[in-house]
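What follows is a set of notes on a single structure, which appears directly below.
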Amino acid sequence: MVPKKRQKSKKDPGIPNNWPFKEELLNEVERQRQEAEEEKKKKKALNKKKKTTPKKTLVEEEVIENDLEKSEE
């Protein structure tokens, strides 16, 4: 048997230094990362809250989710 060759994935070349709006683009990327991280934390907190609360009806769970969303804003 001949081992299969793996294709190397191309690396992201990044943003060139002479890009006219480099700082703005970097700030936008950082903001998107932070938003994604916050969303992940919200989902984690919601799942944790669901696991710790006793089983309830679907209507009561929706009320809990709405309360969490309001409290995070």
(message) If we check side chain to side chain contact (heavy atoms under 4.5 Å, CB included) with E37, which of these qualifies: K40, Q34, K41, E35?
(response) K41
(request) Tell me, with the steps shown, if E39 and K43 meet salt bridge (charged side-chain N to carboxylate O under 4.0 Å, His left out). (result) CA-CA 6 Å; E39 188 68 28; K43 286 182 180 181; 5.0 Å; no
(message) Under the criterion side chain to side chain contact (heavy atoms under 4.5 Å, CB included), I'd like the reasoning laid out for K48 against K44: C-alpha separation, chi angles, the key distance, then a yes or no.
(response) CA-CA 6 Å; K48 187 174 183 179; K44 188 174 183 179; 5.7 Å; no
(message) Measuring from atom CD of E24 to atom CG of L26, what distance do you get when rounded to the nearest 0.5 angstrom?
(response) 10.5 Å
(message) Let me confirm one number: the CG-CD distance from N27 to E30, rounded to the nearest 0.5 Å.
(response) 8.5 Å
(message) Looking at R33, I'd like to know if its CZ atom is crowded, meaning that more than 12 non-hydrogen atoms belonging to other residues, nucleotides or ligands lie closer than 6.0 Å.
(response) no
